[in-house]
2 protein chains.
Amino acid sequence: MNKTLKISDAVVRRLPVYLRYLDELSMKNVQTVSSQDLGIKLDLNPAQIRKDLAYFGEFGKKGIGYDVNYLIEKIRQILKIDKLINVALVGAGNLGHALCNYNAYLKDHMKICAVFDAAPSKIGEKIHNITVQPVQELSETIKDKEIRIGIITVPAQEAQQVANLFVEAGVEAILNFAPAIIKVPAEIRVHNADFTTELQSLAYFLD
Amino acid sequence: MNKTLKISDAVVRRLPVYLRYLDELSMKNVQTVSSQDLGIKLDLNPAQIRKDLAYFGEFGKKGIGYDVNYLIEKIRQILKIDKLINVALVGAGNLGHALCNYNAYLKDHMKICAVFDAAPSKIGEKIHNITVQPVQELSETIKDKEIRIGIITVPAQEAQQVANLFVEAGVEAILNFAPAIIKVPAEIRVHNADFTTELQSLAYFLD
DNA sequence: TAGATTGTTAATCGATTAACAATC
DNA sequence: TAGATTGTTAATCGATTAACAATC
């Protein structure tokens, strides 16, 4: 398949969902899975799943389906999590702590390996085996540890400042949990994961 | 506008984003705003913003723009957060605590007013002014307090069970933070807000 | 009036789904 | 071989954007 073809966001966002279920199957020692099976389990159209995967290569066998472990390997490669990606987080509040708990789940594919905060009371605190550092050390640490993704879990009014620090330090992508729009250069990818907008849009669907 | 017209998810998800920025403008005593202004600030096409709003009514004035406070009122009505909506949360871990912190931000429009956990060690704990209750009390509390939305912040393997409890108790919509697909009757709306899939899809955009 | 900006239609663009030949 | 299921094309469906008459 043509690597230069632009893959849509919607496709990319489904890949981790496939991966998560495939991991489950793998742990149950399931060998193969069809797009039909996946579609039922994940509430998606089987044709869509086949098409999503076909953007990146021919991973299945006609008449058989997909080899679970092979597909896991391929999706990890596509998502670029086949090698460890280091992540930094700013904002050692409850949300920051919660996200650090996912390190175990992310296994050896992604790792929050540095946490920063501006408040002196937080500095030196241990979250699992990570020590909270002052934001002044952000730039140096990001370079030293080759951190490529930054997570923002500070209050809305500090989000832009933190984004600026990340950008200057050379981070390539940002996951923003603050309820604020942050502006960054076009080459930096930002995903917003704002709880309040999620909850408000859910209210629309009440009767 | 035709109320029976099906509004797309994409439209509904943008409304809270508009609302958040309009609230900012209102606090700065800005009287009116154009779709142009909004578009620049929110990185959206002005025509899209006008079209989104036009699904629900004629809220603007030609040649002038939108009255900020009037539009806030209208969007709140559309999202059904013009009256207080009660929310329950199961899973009093770090993530549960973090979400409870947003109560102040959600003001008098939505409120997490009950928190449950299965672990005896958590029961009775105070989160701000909410006392953590055992899950056995979930159904009764949800009915008593007229709770309409449920939030799941338990580990993946317990998510489906909690979803079942919510559905039985009569909740109308669920916000699921667990990295798991939960199955519910079609009339119950589920939004997934899973940190791990967000982070993994972000990795795709690294160079 | 002249300039600005909405609401809405038509055009474009993109994503999903159906269908089926290829083939395991 | 017969049945199953992929990869892919074509058809459908839906969302975004451009353009502009209406009008403040």
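Every value quoted in this text rests on a predicted model; they were computed, and no experiment measured them. Sequence lines set the chain letters: A, B, ... in the order given, protein chains first and strands last, and positions in each chain run from 1.
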- Message: Measuring to OP1 and OP2 of D:dG7, would you say a side-chain N or O of A:R50 lies under 4.0 angstrom away?
- Response: no

Per nearest nucleotide of DNA chain D, the residue lying toward the 5' end, A:A47 or A:G63, is A:G63

When rounded to whole Å, the CG to P distance for the pair B:N45 and C:dC13 reads 14 Å

Taken to the nearest whole Å, CG/B:D9 to P/D:dA15 is 9 Å

(Q) Whether A:S35 contacts D:dT5 is assessed here as follows: a side-chain N or O lying under 4.0 Å from the phosphate OP1 or OP2. Is that the case? (A) no

As its Watson-Crick or G-U partner within any shown strand, both distances under 3.5 Å, C:dA22 has D:dT5

Here the distance between atom C1' of C:dT9 and atom CD of B:Q48, to the nearest Å, is 17 Å

Tightest non-hydrogen contact, residues A:K80 and B:L206, listed as NZ-O, 2.9 Å

Separation of D:dC13 atom P from B:K6 atom NZ, nearest Å, is 16 Å

Handout entry: Short side-chain N/O contact from A:R13 to OP1 or OP2 of C:dA15, under 4.0 Å
Key = no

Whole-Å distance, A:Y55 OH to D:dG7 C1', equals 12 Å

A:D52 atom CG is separated from D:dT6 atom P, nearest whole Å, by 13 Å

Apply side-chain hydrogen bond (donor to acceptor under 3.5 Å, both in side chains) to residues A:N69 and A:E73 and explain how you reach the verdict.
CA-CA 6 Å; A:N69 288 318; A:E73 194 188 327; over 6 Å; no

Partner of C:dT16 under the Watson-Crick or G-U wobble criteria, both distances under 3.5 Å, comes out as D:dA11

Ring geometry between B:Y204 and A:F56 (parallel below 30°, tilted from 30 to 60°, perpendicular above 60°): perpendicular

DNA chain C nearest-nucleotide lookup for B:K51 and B:D37: closer to the 5′ end is B:D37

Using only side-chain N and O atoms of A:Y66, determine if any of them is under 4.0 Å from OP1 or OP2 of D:dG7.
yes

A:K62 NZ to C:dC24 C1', in whole Å, measures 9 Å

Check every strand shown and say whether A:E58 touches a base, only sugar-phosphate, or nothing at a heavy-atom separation below 4.0 Å. sugar-phosphate

note: A:F59, atom CZ; D:dT6, atom C1'; distance rounded to Å ~ 13 Å

Using a distance-only test with no angle check, is there a side-chain donor-acceptor pair under 3.5 angstrom linking B:S26 and B:D23? no

Original post:
Any Lys/Arg nitrogen of B:K74 or B:D67 sitting under 4.0 Å from an Asp/Glu carboxylate oxygen of the other?
Top reply: no

